[in-house]
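Taking it in order: structure first as structure tokens, then the write-up.
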Amino acid sequence: MNMADATDTASATLRALHVPGRPLVLPNVWDAASARIVAEAGFLAVATGSAAVAAVLGYDDGETPPAEMFAAIARVSRVVAVPVTADVERGYGLRPAELAERLAESGAVGCNLEDFDPRTGGLVDVEEQADFLAAVRQAAPGLVVNARTDPYLSRHDDPLAEAVRRGRRYLEAGADCVYPILARTADLATLVEEMGGPVNALCGPGSPSPAALAELGVARISFGHNLHRATHAYAERMVAAIGAGLSPYGDVAP
């Protein structure tokens, strides 16, 4: 199988895993070592998380230079045999064709693209974002596009209605899945019913379990920065134990 055929197969595999009620579960990774853990645990795909990758590379969320982000994605792709989908934020200002090319070079067959503008703290115009997603789709017909929409993050007056409005438009533009990040648990069933396409839910502290989210009908479950935060907090406790003259192994609960 040549490289193009292998990429097409991986893309088709990733897309087919988005099944409402039997969701694709993606414990987001931040480097090659964490990617290996996820793949060796039997998960069927690997997803990077931009905030976690940024922290590992020494940047604040949203400030990772694109060359470093794509290099990190490539390292993840190199060590796993399952499809890789990458969180590439708003696309780093790259033209759609260049973004598609950089993703392909990194080995990713899917990506997250969000409509939150950190410069303003608000949402990108819905038609501007839809046009961008459509152009990415045109440049990379096989790419699995997870369209993140941020009415809940941006504290919109009616985040449920706005998430549905934007999500439907993004699906029309060619997105494969819609990710209303930080959606209220009480809204998820409505989002699933009204979106008209696969819905991605975030699993974090205080949220329902993956099994409970599956019962709500979501097609994809992400963990964002939460696993990296927990891992980092555990390392901090170990280091504090060492500083106190204790063993970091037997005296620190995971």
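Heavy-atom basis, side chains included; hydrogens, waters and symmetry copies ignored.
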Do the non-hydrogen side-chain atoms of F132 and L99 ever get within less than 4.5 Å of each other? yes
Set of residues satisfying ring-ring contact (aromatic ring centres under 6.0 Å, His included) with respect to H225, sequence neighbours excluded: H228
Shortest non-hydrogen contact between A45 and V38, atoms and distance: O-CG1, 4.1 Å
Between the main-chain N or O of E128 and the side-chain N or O of D125, is there a donor-acceptor pair closer than 3.5 Å? yes
Would the number of heavy atoms belonging to other residues, nucleotides or ligands and lying under 6.0 Å from CD of E68 be above 12? yes
Verify the cluster assignment for V88 and L94: are they in a single hydrophobic cluster under the rule of side-chain heavy atoms below 4.5 Å apart? yes
Do N200 and S222 have side-chain N/O donor and acceptor atoms under 3.5 Å apart? yes
Report whether I221 and L44 are members of the same hydrophobic cluster (ILVMFWY, side-chain heavy atoms less than 4.5 Å apart, transitive linking). no
Might you point out which heavy atoms bring L202 and L213 nearest each other, and give the distance in Å? O-CD1, 4.3 Å
Can L24 and V19 be said to form a side chain to side chain contact (heavy atoms under 4.5 Å, CB included), step by step? CA-CA 7 Å; L24 170 63; V19 180; over 6 Å; no
Side-chain (R220) to main-chain (L17) donor-acceptor, under 3.5 angstrom: no
Close side-chain approach of P20 and V218, heavy atoms under 4.5 Å: no
Donor-acceptor contact below 3.5 Å, side chain T149 vs main chain A163: no
Ion pair check, R166 and D115, cut-off under 4.0 Å: yes
Nearest atoms (heavy-atom pairs only) where F223 meets P210: CZ-CG, 4.0 Å
Under 4.5 Å between side-chain heavy atoms, hopping through other hydrophobics if needed: is there a path connecting L123 to L160? no
Under a 3.5 Å distance rule, please check whether R137 uses its side chain to pair with a backbone N or O of G174 as donor and acceptor. yes
Between S50 and D87, the two heavy atoms sitting closest are OG-OD2, 2.9 Å
Output the distance between atom CH2 (W30) and atom CZ (R229), rounded to the nearest 0.5 Å. 12.0 Å
State, to 0.1 Å, how close G167 and V178 come at their nearest heavy-atom pair, and which atoms those are. O-CG2, 3.5 Å
Under 3.5 Å, is there a donor-acceptor pair between the side chain of R102 and the main chain of E105? no
With rounding to the nearest 0.5 Å, note down the distance linking CD in E162 to CG in D157. 10.0 Å
For V144 and V109, run side chain to side chain contact (heavy atoms under 4.5 Å, CB included): C-alpha distance rounded to whole Å, both residues' side-chain angles, the deciding distance at 0.1 Å, then the answer. CA-CA 6 Å; V144 180; V109 296; 5.6 Å; no
Are P65 and Y92 close enough that some pair of their side-chain heavy atoms sits under 4.5 Å apart? no
If we ignore hydrogens and angles and just use 3.5 Å, is the side chain of N28 paired with the main-chain N or O of G224 as donor and acceptor? yes
R165 CZ to M195 CE distance, which is reported to the nearest 0.5 Å: 12.0 Å
Residue list, salt bridge (Lys or Arg N to Asp or Glu O under 4.0 Å) with D117, at least two apart or on another chain: R119
Main chain of E194, side chain of R168: is a donor-acceptor contact present, judged purely on distance under 3.5 Å? yes
State whether a side-chain donor-acceptor pair under 3.5 Å links D31 with S34. yes
Quick one: do V46 and L26 end up in the same hydrophobic cluster if we chain Ile, Leu, Val, Met, Phe, Trp and Tyr together by side-chain heavy atoms under 4.5 Å apart? no
If you measure only the distance, is there a donor-acceptor pair under 3.5 Å linking the side chains of Y179 and E114? no
For V53 and M69: C-alpha separation, side-chain torsions, deciding distance, then whether side chain to side chain contact (heavy atoms under 4.5 Å, CB included) applies. CA-CA 7 Å; V53 172; M69 182 61 77; 3.6 Å; yes
For the pair S77 (side chain) and S106 (backbone), establish whether a donor and an acceptor sit closer than 3.5 Å, ignoring hydrogens and angles. yes
Look up atom CG in L113 and atom CG in N146, then write down how far apart they are to the nearest 0.5 Å. 9.0 Å
Distance (rounded to the nearest 0.5 Å) between Y152 OH and R184 CZ: 5.0 Å
Rounded to the nearest 0.5 Å, what separation is found between the NE2 atom of H232 and the CZ atom of R237? 11.5 Å
Are L14 and V84 linked, directly or through other ILVMFWY residues, by side chains that come within less than 4.5 angstrom of each other? no
Do L153 and R148 pass the side chain to side chain contact (heavy atoms under 4.5 Å, CB included) test, and can you show the C-alpha distance, the side-chain angles, and the key distance before you say yes or no? CA-CA 11 Å; L153 178 65; R148 197 183 102 176; 3.7 Å; yes
Salt-bridge present (R169, E127; N to O < 4.0 Å): yes
Nearest atoms (heavy-atom pairs only) where P27 meets L227: CB-CD1, 3.5 Å
Spell out, as yes or no, whether a donor-acceptor pair under 3.5 Å connects the side chain of T85 to the backbone of C111. yes
